[in-house]
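Working notes for the structure below.
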Protein chains: 2
Amino acid sequence: MPEDDKKMAEGLQSVILTMQIVDQVARTGKGVGVTSLATALGTSKSRIHRHLQTLVQQGYVFQHEDSERYEIGHQLVSLGQAVLDNSGLIGSTRDSLLALRDRLGHSAVASQLTPDGMLVIATVPGRSPIEIGVRVGSLLSFHGSAQGKAATAFSSEAFQRRVLTGDLTAFTEHTITDPAKLSAELDEIRRRGWATAPNQAALGLNTLASPILDGSGAVCGTVGIVDLTQSLAAEPGPEHTAAVMETARRISVLMGHSGPLPFG
Amino acid sequence: MPEDDKKMAEGLQSVILTMQIVDQVARTGKGVGVTSLATALGTSKSRIHRHLQTLVQQGYVFQHEDSERYEIGHQLVSLGQAVLDNSGLIGSTRDSLLALRDRLGHSAVASQLTPDGMLVIATVPGRSPIEIGVRVGSLLSFHGSAQGKAATAFSSEAFQRRVLTGDLTAFTEHTITDPAKLSAELDEIRRRGWATAPNQAALGLNTLASPILDGSGAVCGTVGIVDLTQSLAAEPGPEHTAAVMETARRISVLMGHSGPLPFG
DNA sequence: GAACACAGTTCCGCTGAACGGGACAAGCCT
DNA sequence: AGGCTTGTCCCGTTCAGCGGAACTGTGTTC
């Protein structure tokens, strides 16, 4: 975001608008109106209206009978389901996540490696009364999250270099922004098989994560647990790290990995 | 569909194409190429390419690094999650569905009332080794499914009339297509509080469903169980009907319904 | 109950965003 | 080498889709 908006290669406007509308409608539980959408997206009512009508006609959006607000349509529900079904690891992980949660009590999280960051693809809430966790669909940075560091540490050297020389934005005062320090931490993570990021992604929160390897032996994601920093220490006890690494190993096997993991 | 295609009010083409592309990409687990999309959707490669580039740029679609296939992007995963979070009953139902499945062993299903039919919003697989069920996102008819009949029976008379005088397509030879017969069945459903549709939506399948009422006392969906006709009789035993009706009552309370239900 | 404000919807002439078709490069198979 | 795929890029043409204003219905205010 900070750099590179000199030309800002524009895409097809109608595609952008369509997805913006779908996004807004999907995220607004109880229906949106034409006018509020128009002002929110900064365009004319008629444009929004025409787009909405098309989406209604196609079944992605549903217009409430008494001709008022627009909400999610059945095609979108179907689409949402298909998305979650097909987003990679998800099928293999849910049961393992539940088991991990039951074993340790903390929220469990699975993430997938993408070029832009670690994509959170599945979570199960912890047993504590207050809801701690990461939203499915969030994109975590490579340098500022336990997931990102765990994945990076076990990736190719070329990839590690890309991360180390790339954007190291500080999310909190604890985020590691010095390439040398980060590189040292990656070595440490590679040695022991797990990563933490106490207060590095958000103040008060800590995550413990281990990498998942696929059939080709490459990192494809991570599993881990999330909790308040006070409940999940920067250096978790062996029962925590063992449980997470064991879960990572089990999911790796489900993903087709054979042979020993490079840790544990 | 049969009638009313004289003018076929077309929507915005780019919106339609955008959603078609998103749909295809989301439903194809392991990535699609430009050319296959172009032929599948019957348009030019360049058009598809431009749309895809825009979607990539917006993060809805992700283009595999070695410049090959296109697959689901993180924005879509996030969108899918938002959709499922916000599609009405869903939050209130999952636990109840699991309990219902554990109690009876059959697949459990929740559906939501929409103007076009009953939208399946949540399912949990049964305990039998073979997978029986309805896909989330399916749209069930009012006259040809247990869900539809259960909802219709407890809806307003105006709505019932609309269903009775509307399209009564036969899905199998057992689908009720006679308005008088359907009306009689609705009376019966209203009296006892549950509906079945043995072999009426699909041969070999049966469903048992009861309506869910919201805070205003109006029907907003159904809960039920699905199984093979041979495992779930047309007139299920009292332990089945009681369990389903009890689940419906519990979810109704969660939806804000107070006071007695018009059955049970 | 007239006047207002604000919702969603519809209409129409103008225009530039998006289209098609073809060229191009890169990677597969023979 | 060739042929046969991919995905990507270019450019002149054109009609899809835009803005803006008019219309309709509903709830609110005096």
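Proteins come first, then strands; the chains are lettered A, B, ... in the order of their sequence lines, and each starts at number 1.
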Gap between atoms [atom1] and [atom2], on [X] and [N] respectively (whole Å):
| X | N | atom1 | atom2 | answer |
| --- | --- | --- | --- | --- |
| Arg47(B) | dC15(D) | CZ | P | 14 Å |
| Leu55(A) | dG8(C) | CG | C1' | 16 Å |
| Gln53(A) | dA16(D) | CD | P | 19 Å |
| Leu37(A) | dT9(C) | CG | C1' | 15 Å |
| His49(A) | dA21(D) | NE2 | P | 18 Å |
| Ile16(A) | dA17(C) | CD1 | C1' | 12 Å |
| Ile48(A) | dG20(D) | CD1 | P | 15 Å |
| Tyr70(A) | dG8(C) | OH | P | 7 Å |

Donor-acceptor side-chain pairing of [X] and [Y] below 3.5 angstrom:
| X | Y | result |
| --- | --- | --- |
| Arg47(A) | Thr43(A) | yes |
| Arg27(B) | Ser78(A) | yes |
| Tyr70(B) | Gln53(B) | yes |

To the side chain of [X], which of [options] is closest?
| X | options | value |
| --- | --- | --- |
| Ser14(B) | dA18(C), dG8(C), dG17(D) | dG17(D) |
| Arg50(A) | dA7(C), dT10(C), dC18(D) | dC18(D) |
| Ser44(B) | dG7(D), dG20(C), dA7(C) | dG20(C) |

Straight-line distance of Gln147(A) CD to Thr207(A) OG1, nearest 0.5 Å: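 It comes to 5.0 Å.
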
Between His143(A) and Phe171(A) (judged by ring centroids, cut-off 6.0 Å), do the two rings come close enough to count as a pair?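 Under 6.0 Å, so yes.
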
Who are the side chain to side chain donor-acceptor pair (under 3.5 Å) partners of Thr169(A), not counting sequence neighbours?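 If we apply the side chain to side chain donor-acceptor pair (under 3.5 Å) test to Thr169(A), skipping adjacent residues, the hits are Asp167(A).
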
List in chain and number order the residues that pass side chain to side chain donor-acceptor pair (under 3.5 Å) with Tyr60(A), two or more places apart in sequence or in another chain; answer none if no residue qualifies.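 Tyr60(A): side chain to side chain donor-acceptor pair (under 3.5 Å) contacts with Asp23(B).
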
Side-chain N or O of His51(B) closer than 4.0 Å to phosphate OP1/OP2 of dC19(C):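 Answer yes for this pair, as a side-chain N or O of His51(B) is under 4.0 Å from OP1 or OP2.
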
Report the end-to-end axis angle of the helix from dG1(C)-dC30(D) to dG27(C)-dC4(D); each axis comes from five terminal pairs, and the value is rounded to 10°.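 Comparing the axis at each end, I get an angle of 40°.
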
So for Ser46(A) and dG19(D), does any side-chain atom that can act as donor or acceptor lie under 3.5 Å from a complementary atom in the base?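 Looking at the base of dG19(D), it does pair with a donor or acceptor on the side chain of Ser46(A) (distance under 3.5 Å).
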
If each of Val15(A) and Lys45(A) is mapped to the nucleotide of DNA chain C with the nearest heavy atom, which maps nearer the 5' terminus, i.e. the 5' end?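 Result of the comparison: Lys45(A).
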
